J.: 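I'd like to ask you about the structure that follows.
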Amino acid sequence: MRVVTTAQPLDVQPTPLALLLLGREADPKSERGVECPGDLPAPSDPDLVERARAAKAKLGDKVFVLGHHYQRDEVIEFADVTGDSFKLARDAAARPDAEYIVFCGVHFMAESADILTGDDQRVILPDLAAGCSMADMATAEQVAECWDVLTEAGIAEQVVPVSYMNSSADIKAFTGKHGGTICTSSNAKRALDWAFEQGEPNSTKVLFLPDQHLGRNTAVRDMGMSLDDCVVYNPHKPNGGLTAEELRAAKMILWRGHCSVHGRFSLDSVNDVRARIPGVNVLVHPECKHEVVAAADYVGSTEYIIKALEAAPAGSKWAIGTELNLVRRLANRFAAEDKEIVFLDKTVCFCSTMNRIDLPHLVWTLESLAAGKVVNRIEVDKETESFAKLALERMLALP
């Protein structure tokens, strides 16, 4: 083994991706701008909580604050409602009198809220750099190229796209334009059942975007398909890294995307927690890898996880495979009921982009709105909105 020693520091430059994940850089193309037109309050400002309360009180019914389950506690404190991405978008649509919808989540969630709310309502994202690594793994250009590959293989007419809620408005619009539907982690099976009913029973295929794990887990675990029925389309390889024969033989064409948080859980994580905590129940999100889902005791969406812990008996032990902010909040919530709730992995892992929404950004947003200045508005263009809404409405119509 060659060992290199030097008295000088190594000249290592962080990559753009590393800077982005550290919150020190931005991708304007995917995040559509990250500049705050003003000064953020200092995180150390001891008056931040009171400033947030005062600005929210001044706005009154004009503002409706949505807080995703993965947000920090300091942000959740000011949310009018909490939930997963689709529940929050529907909650926003159910409040037509609210002039401002402040979405404490990530970019694709705010886009969905803009699609489902009225033209006179304005959707605000406190930090435009709060993106989603999974949603960014499928761009409109890449998906259009994939459709060309499917066309050349002679199967495009047999393919129904099903896109996860965790996708950009562009991807939702592509899905609507090509006869597909959107799904959430809780209704993915219903969406796939619907998709396979759209064509001939033995020839219809699904292009599942952008999370390969949710697509694979739903197809194999919930619908009885085999792993051989699934292929993974890699947008960074010619023809997705697949032959025409592999595409023709597949039932599920899975986009090579994943959640950076849920994708980190491993089979070793499951085995380790079972060894450390005898009698523990392992409960994971279906965005986890297939081997993790197969080894878990329970699998379900964020809302499912919360309800399962609400119904759990006192004294029960749980290891949860989902974002740490939520796991920690649930552990605190149910500690009085003697429910032991731990994070599935030993390594701390927050959703780095979700955590960009913090109290200084929320205070800046609310105070700006209270002063009559609209900041960080999320707007989806009308053509994209029309096709994306079509795909969303197909989901809403699912039995």
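All values derive from a computational prediction rather than experimental measurement. Along the sequence shown, residues carry numbers from 1.
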J.: Could Glu310 and Lys307 be called an ion pair, given the rule that one side-chain N must be under 4.0 Å from one carboxylate O?
T.: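 The answer is no: the pair does not qualify as a salt bridge.
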
J.: Do side-chain atoms of Asn234 reach the backbone of Gly240 as a donor and acceptor pair under 3.5 angstrom?
T.: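 No.
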
J.: Sorted by first residue and then second, give each salt bridge (Lys or Arg N to Asp or Glu O under 4.0 Å) pair with at least one member in residues 269-279; sequence neighbours left out.
T.: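 Sorted pair list: Asp272-Arg276, Asp272-Lys346, Arg274-Asp297.
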
J.: Restricting to side chain to side chain contact (heavy atoms under 4.5 Å, CB included), what partner residues turn up for Glu337, sequence neighbours left out?
T.: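 Partners of Glu337 under the side chain to side chain contact (heavy atoms under 4.5 Å, CB included) test: Phe334, Lys339.
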
J.: Would you confirm whether Asp345, through its side chain, and Phe265, through its main-chain N or O, come within 3.5 Å as a donor-acceptor pair?
T.: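 Judged by distance alone, no pair lies under 3.5 Å.
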
J.: Mind listing the closest non-hydrogen atom pair of Val273 and Val280 along with its distance?
T.: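 Scanning both residues completely, I find the closest heavy atoms to be O-CG1, 3.9 Å.
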
J.: Using only atom types and a distance under 3.5 Å, with no angle test, would you say the side chain of Asn271 pairs donor to acceptor with the backbone of Asp268?
T.: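 No.
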
J.: Give every donor-acceptor pair under 3.5 Å between a side-chain atom in residues 217-225 and any protein atom, sequence neighbours left out.
T.:
unit_1: Asn217; atom_1: OD1; unit_2: His290; atom_2: ND1; d: 3.1
unit_1: Asn217; atom_1: ND2; unit_2: His213; atom_2: O; d: 3.0
unit_1: Asn217; atom_1: ND2; unit_2: Pro286; atom_2: O; d: 2.9
unit_1: Asn217; atom_1: ND2; unit_2: Cys288; atom_2: O; d: 2.9
unit_1: Thr218; atom_1: OG1; unit_2: Leu214; atom_2: O; d: 2.7

J.: Rounded to the nearest 0.5 Å, how far does CG of Asn166 lie from CZ of Phe108?
T.: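 Going from CZ on Phe108 over to CG on Asn166, the span is 3.5 Å.
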
J.: Given Thr322, which partner from the list His285, His69, His262, Glu287 fulfils the side chain to side chain donor-acceptor pair (under 3.5 Å) test?
T.: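 Among His285, His69, His262, Glu287, the one that satisfies the side chain to side chain donor-acceptor pair (under 3.5 Å) with Thr322 is His262.
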
J.: Among all residues two or more places apart in sequence or in another chain, which pass the salt bridge (charged side-chain N to carboxylate O under 4.0 Å, His left out) test with Asp148?
T.: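 Checked Asp148 against salt bridge (charged side-chain N to carboxylate O under 4.0 Å, His left out); zero matches.
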
J.: Scan Leu150, Val149, Leu209 and name whichever one has a side chain to side chain contact (heavy atoms under 4.5 Å, CB included) with Ile253.
T.: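 Single side chain to side chain contact (heavy atoms under 4.5 Å, CB included) partner of Ile253 among Leu150, Val149, Leu209: Leu150.
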
J.: Could you tell me which residues satisfy side chain to side chain contact (heavy atoms under 4.5 Å, CB included) with Leu390, sequence neighbours excluded, listed by chain and number?
T.: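 So Leu390 forms a side chain to side chain contact (heavy atoms under 4.5 Å, CB included) with Arg394.
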
J.: Got a sec, which residues hit salt bridge (charged side-chain N to carboxylate O under 4.0 Å, His left out) with Lys289, two or more places apart in sequence or on another chain?
T.: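 For Lys289 there are no salt bridge (charged side-chain N to carboxylate O under 4.0 Å, His left out) partners, ignoring immediate neighbours.
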
J.: So Trp147 and Phe174, would you call those rings parallel, tilted or perpendicular, with 30° and 60° as cut-offs?
T.: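 Trp147 vs Phe174 ring planes: perpendicular.
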
J.: Using a cut-off of 6.0 Å, state whether more than 12 heavy atoms not belonging to Asn202 lie near its atom CG.
T.: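 No, not enclosed.
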
J.: Do the side chain of Arg190 and the main chain of Met395 share a donor and acceptor less than 3.5 angstrom apart?
T.: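 No, because the side chain of Arg190 does not come within donor-acceptor range (under 3.5 Å) of the backbone of Met395.
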
J.: Got Val81 and Leu66 here, is their nearest side-chain heavy-atom distance under 4.5 Å?
T.: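 The answer is yes; the side chains approach within 4.5 Å.
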
J.: List in chain and number order the residues that pass side-chain hydrogen bond (donor to acceptor under 3.5 Å, both in side chains) with Thr184, two or more places apart in sequence or in another chain; answer none if no residue qualifies.
T.: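 Listed in chain order: Ser186, Asn187.
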
J.: Just by distance, do the side chain of Arg256 and the backbone of Pro235 share a donor-acceptor pair under 3.5 Å?
T.: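 Checking the backbone N and O of Pro235 against the side chain of Arg256, no donor-acceptor pair under 3.5 Å is found.
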
J.: For Tyr164 and Phe86, I'd like to know if the aromatic rings sit close, meaning centre-to-centre distance below 6.0 Å.
T.: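 Distance test on ring centres: not under 6.0 Å, no.
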
J.: How far does CD of Glu77 sit from CG of Asp73, to the nearest 0.5 angstrom?
T.: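 Taking CD in Glu77 and CG in Asp73, the distance rounds to 9.0 Å.
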
J.: Would you find more than 12 non-hydrogen atoms of other residues, nucleotides or ligands less than 6.0 Å from Arg51 atom CZ?
T.: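 Buried by this count: over 12 neighbours within 6.0 Å.
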
J.: Who are the salt bridge (charged side-chain N to carboxylate O under 4.0 Å, His left out) partners of Asp84, not counting sequence neighbours?
T.: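 Not a single residue meets the salt bridge (charged side-chain N to carboxylate O under 4.0 Å, His left out) criterion with Asp84.
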
J.: Using a 4.5 Å cut-off on heavy atoms from C-beta on, say whether the side chain of Leu362 contacts that of Cys104.
T.: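 Answer yes - side chains close enough.
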
J.: Do Asp358 and Asp127 come close enough that some side-chain heavy atom pair is under 4.5 Å?
T.: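 Result no, sub-4.5 Å side-chain heavy-atom pair not found.
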
J.: Could you list the donor-acceptor pairs under 3.5 angstrom formed between side-chain atoms of residues 116-124 and any protein atom two or more places apart in sequence or on another chain?
T.:
unit_1: Thr117; atom_1: OG1; unit_2: Ala113; atom_2: O; d: 2.7
unit_1: Thr117; atom_1: OG1; unit_2: Asp114; atom_2: O; d: 3.4
unit_1: Asp119; atom_1: OD1; unit_2: Lys382; atom_2: NZ; d: 2.9
unit_1: Gln121; atom_1: OE1; unit_2: Gly118; atom_2: N; d: 3.0
unit_1: Gln121; atom_1: NE2; unit_2: Arg95; atom_2: O; d: 2.7
unit_1: Gln121; atom_1: NE2; unit_2: Ala98; atom_2: O; d: 2.9
unit_1: Arg122; atom_1: NH2; unit_2: Glu99; atom_2: OE2; d: 2.6

J.: CZ/Phe64 to CG/Leu59 distance, rounded to the nearest 0.5 angstrom?
T.: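 Taking CZ in Phe64 and CG in Leu59, the distance rounds to 14.0 Å.
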
J.: Quick check against the 3.5 Å criterion: does Asn239 have a side-chain atom that pairs as donor or acceptor with the backbone of Leu242?
T.: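 Pair absent, no side-chain N/O of Asn239 close to backbone of Leu242.
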
J.: Under the salt bridge (charged side-chain N to carboxylate O under 4.0 Å, His left out) test, which residues partner Lys87, sequence neighbours left out?
T.: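 Per chain and number, Lys87 pairs via salt bridge (charged side-chain N to carboxylate O under 4.0 Å, His left out) with Asp91.
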
J.: Do Lys172 side-chain atoms and Ser167 backbone N/O form a donor-acceptor pair below 3.5 Å?
T.: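 Yes: the side chain of Lys172 pairs with the backbone of Ser167.
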
J.: Measure across Val292 and Leu344 and return the closest heavy-atom pair with its distance rounded to 0.1 Å.
T.: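 For Val292 versus Leu344, the nearest heavy atoms are CG1-CD2, 4.5 Å.
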
J.: Has Glu145 got more than 12 heavy atoms of other residues, nucleotides or ligands less than 6.0 Å from its CD?
T.: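 It does not: Glu145 CD has 12 such atoms or fewer within range.
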
J.: Can you sort out the partners of Gln212 under side-chain hydrogen bond (donor to acceptor under 3.5 Å, both in side chains), two or more places apart, ordered by chain and number?
T.: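 Applying side-chain hydrogen bond (donor to acceptor under 3.5 Å, both in side chains) to Gln212 gives Arg216.
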
J.: Looking at Trp194 and Ala397, would you say the former's side chain and the latter's main chain have a donor-acceptor pair under 3.5 Å?
T.: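 Here the side-chain-to-backbone pair does not exist.
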
J.: Answer yes if the side chains of Ser185 and Tyr304 hold a donor-acceptor pair under 3.5 Å, and no otherwise.
T.: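 Looking only at side-chain atoms, Tyr304 and Ser185 do not form any donor-acceptor pair under 3.5 Å.
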
J.: Tell me, with the steps shown, if Thr302 and Tyr70 meet side-chain hydrogen bond (donor to acceptor under 3.5 Å, both in side chains).
T.: CA-CA 9 Å; Thr302 304; Tyr70 297 166; 3.3 Å; yes

J.: Verify the neighbour count for atom CD of Glu157: are there more than 12 heavy atoms of other residues, nucleotides or ligands below 6.0 Å?
T.: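 For Glu157, atom CD is not crowded (no more than 12 foreign heavy atoms under 6.0 Å).
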
J.: Would the number of heavy atoms belonging to other residues, nucleotides or ligands and lying under 6.0 Å from CZ of Arg72 be above 12?
T.: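 Atom CZ in Arg72 is crowded, with more than 12 foreign heavy atoms closer than 6.0 Å.
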
J.: Determine yes or no for a side-chain-to-main-chain donor-acceptor pair under 3.5 angstrom, with Glu291 supplying the side chain and Leu267 the backbone.
T.: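 No.
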
J.: I'd like to know if the side chain of Asp338 reaches the main chain of Ala314, judged simply by a donor and an acceptor atom lying under 3.5 Å from each other, with no hydrogens or angles considered.
T.: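 Looks like no, no N/O pair under 3.5 Å.
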
J.: Under 4.5 Å between any side-chain heavy atoms of Ile320 and Leu330, yes or no?
T.: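 Ile320 does not reach Leu330 side chain to side chain.
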
J.: Side chain to side chain contact (heavy atoms under 4.5 Å, CB included) with Ala296: which residues, sequence neighbours excluded?
T.: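 With neighbours one apart ignored, the set is Val282, Val284, Val299.
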
J.: Would you tell me whether Ser266 and Ser269 have side-chain atoms, one donor and one acceptor, within less than 3.5 Å of each other?
T.: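 Yes, a side-chain donor-acceptor pair sits under 3.5 Å.
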
